[in-house]
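The structure under discussion appears below in the form of structure tokens.
Everything numeric here is computed off the predicted structure, so don't read it as measured data.
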Amino acid sequence: STASKSGPIVHLSLANMAFSKVTVKKGDSITVPCLYDSKYINNVKYLCKGYSWSSCSYAVRTDQPHSSRKFSISDDKIKRIFTVTIKDARDKDTGYYWCAVEINDGSDIREYFHLSKIILQVSHFCTPSLYVAHQQNTGFNGGRITISCHYSNSGDVKWCRLGTSCVIVSSGNLARTTVTIDSRAHSVFTVTMSNLRTESSGWYLCVKGDLQMPVHLTVTEKPSTSKYNDIKVVCNKCISHICSDLLFVMFFIATHTTTCLTTLSDTPDPVNFTSGIVNKALTTAQFQHHMSVTFVIAYHIKNKCDPFK
């Protein structure tokens with residue numbers, strides 16, 4: 001349905017710039033973040049498609065998030081960002097879209113972004129004008145992460161944090177982290193964020209010319225190694241037990257086999273322990289006895305080495 005709205009356009013702040021163009025390969029999905037003011041936390045957010053604001057149509061709304069298979073929407077009220085995902089992009093999805101906040105007593109506040117012409121996948125090498133391997137990325141507190149932004153268009157290189165500022169030179173600080181941009185390679189520039197902090201989590205933008213590619217970063221605590229050390233200790237103990245028990249098994253079998261072979265041997269020739277059991281037939285009872293004892297010892301070793309006991 002067509003959204004009912006009027007009045008002047010009020011741009012939402014997206015990295016201190018009007019959110020412009022994003023590209024996506026045919027058949028892929030892309031997620032776009034939309035930042036809003038804290039006073040609109042409890043308002044309905046929605047995506048509207050159409051070149052003209054006055055005649056655009058609802059694509060998906062936060063109060064009806066499952067109404068579309070093509071679009072999905074979610075609202076992070078803590079960070080004041082709602083995100084919209086366009087799935088299985090097709091030619092018909094090319095066009096203008098508006099991120100909007102529904103105002104019950106006045107004109108809706110909205111920001112538009114243009115989904116530029118989708119690049120048709122005529123071969124496996126077909127790529128968008130600006131893209132990253134993964135929009136969702138994870139780093140560890142105190143560590144670093146490197147993100148590669150691939151492009152085929154021209155223009156200035158930037159790395160921006162959604163709603164704040166941008167690094168436009170080879171190095172700088174952003175979100176209390178050190179940012180280094182390396183644009184020496186052809187058709188790709190890499191962004192390295194060092195000394196990551198938990199508060200570094202959020203949405204960023206690869207910017208090349210008039211194109212932007214949203215990138216989300218989640219910074220978590222580095223997994224504790226204590227559990228791995230515990231497993232290592234258990235394994236070391238198991239190895240010690242296995243060595244001692246295997247020596248006992250070898251001594252037991254060698255002793256009993258020698259006794260049996262000496263008893264059954266018709267000649268005083270030296271016994272070959274590797275083939276003695278095959279060459280010198282034991283009685284069925286003796287063989288069953290040896291196998292039973294070996295099975296019991298093997299079961300004993302297995303129980304000792306079960307780290308979950």
Side-chain angles (χ1 to χ4, degrees), residues 1-77 79-121 126 128-131 135-136 153 162-163 203 205 207 210-216:
S1 60
T2 301
S4 176
K5 33 206 169 329
S6 61
I9 296 175
V10 180
H11 290 292
L12 300 181
S13 175
L14 298 180
N16 293 333
M17 64 174 70
F19 201 90
S20 184
K21 298 179 182 179
V22 294
T23 61
V24 60
K25 185 171 69 176
K26 183 178 180 181
D28 284 356
S29 299
I30 188 169
T31 299
V32 177
C34 304
L35 183 66
Y36 57 87
D37 192 271
S38 58
K39 61 184 177 181
Y40 301 121
I41 287 179
N42 295 318
N43 292 62
V44 172
K45 290 84 181 180
Y46 62 91
L47 182 70
C48 195
K49 181 182 180 181
Y51 179 82
S52 172
W53 168 249
S54 61
S55 61
C56 73
S57 301
Y58 289 122
V60 66
R61 298 164 52 96
T62 53
D63 58 348
Q64 298 175 5
H66 306 296
S67 61
S68 171
R69 293 183 179 181
K70 168 64 66 174
F71 304 95
S72 62
I73 190 170
S74 62
D75 186 8
D76 187 337
K77 295 184 178 181
K79 295 183 177 179
R80 298 181 290 105
I81 296 175
F82 73 94
T83 56
V84 179
T85 299
I86 303 173
K87 296 172 281 188
D88 189 24
R90 299 294 170 182
D91 289 341
K92 64 180 181 180
D93 297 322
T94 297
Y96 287 86
Y97 293 82
W98 303 75
C99 292
V101 176
E102 188 171 78
I103 309 297
N104 297 326
D105 56 353
S107 300
D108 291 359
I109 295 180
R110 59 274 182 187
E111 166 65 34
Y112 77 91
F113 67 92
H114 177 259
L115 185 63
S116 63
K117 185 68 175 179
I118 296 174
I119 301 176
L120 298 177
Q121 189 177 8
C126 186
S129 297
L130 179 64
Y131 71 96
Q135 277 196 278
Q136 300 290 335
N153 64 320
L162 186 67
W203 281 97
L205 300 172
V207 181
D210 63 348
L211 296 179
Q212 292 93 41
M213 172 52 61
V215 177
H216 188 266

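- By the 4.5 Å heavy-atom criterion applied to side chains, E102 and N43 are not counted as neighbours.
- In this structure, R61 pairs ionically with D63, as a charged nitrogen and a carboxylate oxygen lie closer than 4.0 Å.
- Residues S57 and K49 are not in side-chain contact: their nearest non-hydrogen atoms beyond the backbone lie 4.5 Å or more apart.
- S29 and T85 make their closest contact through CB-CG2, 4.3 Å (heavy atoms, listed as atom of the first residue, atom of the second, distance).
- Within the 4.5 Å cutoff, no side-chain heavy atoms of P128 are placed close to those of V24.
- The two residues D93 and Y97 come nearest to each other via the heavy atoms O-OH, 2.6 Å.
- At least one side-chain heavy atom of H216 sits under 4.5 Å from a side-chain heavy atom of Q136.
- T23 contributes a side-chain N or O that, together with a main-chain N or O of L130, makes up a donor-acceptor pair within less than 3.5 Å.
- When side chains are defined from C-beta on, I30 counts as touching M213, because their heavy atoms get closer than 4.5 Å.
- K77 is listed as a side-chain neighbour of N42, based on a closest heavy-atom distance under 4.5 Å.
- One distance of note links OG of S129 with CG of D210; it measures 9.0 Å at 0.5 Å rounding.
- For residues 79-89, the salt bridge (charged side-chain N to carboxylate O under 4.0 Å, His left out) pairs, not counting sequence neighbours, are D88-R90.
- With a 6.0 Å cutoff to the six-membered ring centre and a 45° limit on the axis angle, K45 counts as a cation-pi contact of Y36.
- Closest of all the heavy-atom pairs between I81 and P33 is CG2-CB, 3.8 Å.
- Using a 4.5 Å heavy-atom cutoff, the side chains of D76 and F82 are not in contact.
- Of all the heavy atoms in A89 and K25, the pair that sits closest is CB-O, 4.1 Å.
- The minimum heavy-atom distance linking W53 with A100 is given by the pair CH2-CB, 3.8 Å.
- Between C99 and L47, the closest heavy-atom pair is N-CD1, 4.4 Å.
- Here the side chains of W203 and L35 are not in contact, with every heavy-atom distance at 4.5 Å or above.
- When only modelled atom types and interatomic distance are considered, Y46 and D108 share a side-chain donor-acceptor pair under 3.5 Å.
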